[in-house]
Visitor: 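Got a structure for you, questions after.
Heavy atoms only: backbone and side chains are in, while hydrogens, waters and symmetry mates are out.
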Amino acid sequence: RAAQGGEMSGWLAFKWKARHRFASLVNDARSYFGVLYGCVAIIWLAYASRRLSYTAPGGFCSDAPTSWESSSGLNTTALSVQEEFGGRLRFMSIWTTDATHWSERNVRSVESIFHHHPNASLFIYSNHLAPSAVEPFASAGFDVKVVGYRLEALLEGTPAKPWLDKLASWEQGPYFYTHVTDVIRLALLFREGGVYVDTDVIIIRPFRIAEPEVVAAAIAEEDEARKQVAKEAAAARHAAAGGRLERIERLVHALPLNGAPPPLAPHSIGAEAHTISETPIVNGAIMVFARGSPFLWGAMREFARSYRDYEWGWNGPELLTRVRRRCPANVSVLPEERFYPFHWEEVETYSTDGHAAENEYMWRVVQARSYAAHLWNKKSNELPLGEGSVYKRLMDTYRVLPRAGGSGDGGALLREQAAKAHKQLAEGTAAGAIL
């Protein structure tokens, strides 16, 4: 028995040592994994920060020409803000994919333009879309045209032309059609000037475009008003509690100060989101630029110099962000709420049922602070639109064409739009510009 007890004690000691050793190995593995994970995280953060701060060498925006050829081949020079934006506002869009993808959502985007600017012109540059896609607008008297383009001709004489040398290779890339749209919009806006909008953008209010000094004064006035509202909200903290306090503070950002947001500078793009480096990511889905913009010239140079066919955002939003850091004096970056009131990660919240409170708040923000809203079509196209959602309201509010199968007087609706256009022309506010 004593021998047997000794054997049992030895076996228990062996088991204890084995368990202890195994636990030590597990802890060591966890420690090693934690160190490895930390190193990977540090490398990723450094890489992300580098992507946003990267700028190629050389003068980006200082050598833009004083004259150039328009897309129609005419010699062109820069115009004053009044000459550029004081008459009929010029909108442009690009459609590079198959015409079968043209949908009701794209039609609503066009409707929203003419709802606010019935006398505007809209050019949709496409080699695939038939004129019949916009025939209902043309028949109603709106100035909209589908225009073909030659990529080589658009980039001729610009810093983006060297990119064409490897076009056959670039065409094999996974994001070619997105990237070619990126460079076409830069070239078109540089040559022609005006307002570029993606075909999944809804215009929410007339675009008011003013001289930079007028815009700066309006922004300063708004900032002062915001400070006063913030003081009042702070004073209300003692009288409010819990959810009520939160509601008061949230509504501060939705107040329609002075009745409308400040006007837009003639070189405006919008911030999409903020990153770990606190650099705003700017997006090119909506851009307002006078022709001959040095910023656009620099952006075309950056496109050709640093093009990456295998990265979706490098040649689009990240490119604009890099050039903005290089040429801050040549562009005005608007706060997110102006063009991108909701992020692409939030599209389900603002399009489907079940988020009534969030949608009501966001609709107030959109109505008070936004010029336009990007629908992020690739993320939202297949989602059902819930009644009362922001998406549903955006799709239904800014219409100009008669409803299909509706009983209303479509002719009366169009006559109302024509009367609005004539009134704007008479008052000298045809483009919504402050002159």
Side-chain angles (χ1 to χ4, degrees), residues 45-68 78 81 154-155 157-166 170 175 178-196 212-213 215-216 219 264-336 338-340:
L45 291 173
Y47 171 70
S49 179
R50 170 66 176 167
R51 285 176 66 96
L52 294 175
S53 60
Y54 169 83
T55 55
F60 256 52
C61 307
S62 60
D63 61 343
T66 56
S67 64
W68 59 93
V81 175
L154 283 177
L155 301 189
T158 75
K161 183 184 178 181
W163 178 77
L164 295 172
D165 294 341
K166 296 183 179 180
W170 302 142
Y175 308 112
T178 297
H179 295 164
V180 77
T181 302
D182 289 331
V183 74
I184 288 174
R185 75 186 70 180
L186 297 175
L188 282 172
L189 269 179
F190 179 84
R191 293 185 184 277
E192 307 294 342
V195 180
Y196 171 83
E213 55 269 20
V215 177
I219 292 175
L264 304 170
H267 41 64
S268 297
I269 52 180
E272 171 191 327
H274 290 276
T275 69
I276 54 172
S277 64
E278 297 185 355
T279 300
I281 291 281
V282 295
N283 195 298
I286 308 151
M287 298 194 290
V288 180
F289 278 96
R291 66 192 68 184
S293 162
F295 178 85
L296 298 174
W297 189 259
M300 287 189 284
R301 171 178 283 121
E302 172 72 354
F303 186 91
R305 285 188 176 185
S306 66
Y307 183 75
R308 298 180 182 179
D309 63 333
Y310 53 89
E311 292 194 42
W312 178 85
W314 178 262
N315 312 298
E318 292 185 34
L319 179 147
L320 295 173
T321 302
R322 296 194 302 274
V323 178
R324 183 256 180 179
R325 290 174 60 91
R326 191 75 173 181
C327 311
N330 299 115
V331 66
S332 175
V333 178
L334 307 176
E336 298 169 27
R338 296 290 189 262
F339 292 161
Y340 310 99

Visitor: When rounded to the nearest 0.5 angstrom, what distance separates CH2 in Trp163 from CG in Asp309?
Guide: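 It is 10.0 Å, given to the nearest 0.5 Å.
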
Visitor: Answer yes or no: is there a side-chain heavy-atom contact under 4.5 Å between Ile269 and Val333?
Guide: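 Counting from C-beta outward, Ile269 and Val333 do come under 4.5 Å.
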
Visitor: For a quick test of reading the model, state the closest non-hydrogen atom pair linking Arg191 to Trp68 and the distance between them.
Guide: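 For Arg191 versus Trp68, the nearest heavy atoms are O-NE1, 3.2 Å.
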
Visitor: Rounded to the nearest 0.5 Å, how far apart are CG of Asn315 and CG of Leu186?
Guide: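 Separation between the atoms: 10.5 Å.
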
Visitor: Could you check Arg338 against Ser268 for side chain to side chain donor-acceptor pair (under 3.5 Å), going step by step and ending with a plain yes or no?
Guide: CA-CA 11 Å; Arg338 296 290 189 262; Ser268 297; over 6 Å; no

Visitor: Under 3.5 Å, is there a donor-acceptor pair between the side chain of His179 and the main chain of Trp312?
Guide: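 Yes, the answer is positive, given that a donor and an acceptor are paired below the 3.5 Å cut-off.
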
Visitor: Mark yes or no for whether Ser293, through its side chain, and Ala290, through its backbone, hold a donor-acceptor pair below 3.5 Å.
Guide: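 A pair under 3.5 Å: no.
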
Visitor: Once you round to the nearest 0.5 Å, how far does CG of Asn283 lie from CD of Glu336?
Guide: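 Going from CG on Asn283 over to CD on Glu336, the span is 11.0 Å.
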
Visitor: Taking all atoms of both residues into account, what is the closest heavy-atom pair of Pro317 and Ile281, and its distance?
Guide: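 The answer is CB-CG2, 4.1 Å.
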
Visitor: Can you name the closest pair of heavy atoms from Ala304 and Ala160 and give their distance?
Guide: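 Heavy atoms of Ala304 and Ala160 come nearest at CB-CA, 3.9 Å.
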
Visitor: Any sub-3.5 Å donor-acceptor pair from Trp170's side-chain atoms to Val180's backbone N or O?
Guide: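 Checking the backbone N and O of Val180 against the side chain of Trp170, no donor-acceptor pair under 3.5 Å is found.
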
Visitor: What's the separation between atom CD in Glu302 and atom CZ in Arg322, rounded to the nearest 0.5 Å?
Guide: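 It is 4.0 Å, given to the nearest 0.5 Å.
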
Visitor: In sequence, state the C-alpha distance, the side-chain angles, and the governing distance for Leu155 and Leu164, and then conclude on side-chain contact (heavy atoms from CB on, under 4.5 Å).
Guide: CA-CA 8 Å; Leu155 301 189; Leu164 295 172; 3.8 Å; yes

Visitor: Looking at Thr181, is its backbone amide N or carbonyl O close enough to the side chain of Arg185 to form a donor-acceptor pair, meaning the two atoms are under 3.5 Å apart?
Guide: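 Between the backbone of Thr181 and the side chain of Arg185 there is a qualifying donor-acceptor contact (under 3.5 Å).
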
Visitor: On a heavy-atom basis, which atom in Arg324 and which in Val331 lie closest, and how many Å separate them?
Guide: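 Distance-wise, the nearest heavy atoms are CG-CG1, 3.7 Å.
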
Visitor: For residues Gly316 and Asp182, report the shortest heavy-atom separation together with the two atoms involved.
Guide: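 Smallest interatomic distance, heavy atoms only, reads CA-OD2, 3.6 Å.
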
Visitor: Please examine the side chains of Pro212 and Pro266, heavy atoms only from C-beta on, and report whether any two atoms are closer than 4.5 Å.
Guide: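 Heavy-atom side-chain distance check passes, below 4.5 Å.
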
Visitor: Please assess Val288 against Ser332 for the test side-chain contact (heavy atoms from CB on, under 4.5 Å), listing each intermediate value before the final yes or no.
Guide: CA-CA 10 Å; Val288 180; Ser332 175; over 6 Å; no

Visitor: Distance check, rounded to the nearest 0.5 Å: Glu311 atom CD versus Glu318 atom CD?
Guide: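 These two atoms lie 7.0 Å from each other.
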
Visitor: Is it true that Asp63 and Arg301 make a salt bridge, defined as a side-chain N closer than 4.0 Å to a carboxylate O?
Guide: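 Arg301 and Asp63: salt-bridged.
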
Visitor: Calculate, to the nearest 0.5 Å, the distance between atoms CD and CG belonging to Glu192 and Leu154 respectively.
Guide: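 Glu192 CD to Leu154 CG: 9.0 Å, rounded to 0.5 Å.
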
Visitor: Give me the one residue out of Phe295, Tyr196, Phe190 that meets ring-ring contact (aromatic ring centres under 6.0 Å, His included) with Phe289.
Guide: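 The passing option is Phe295.
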
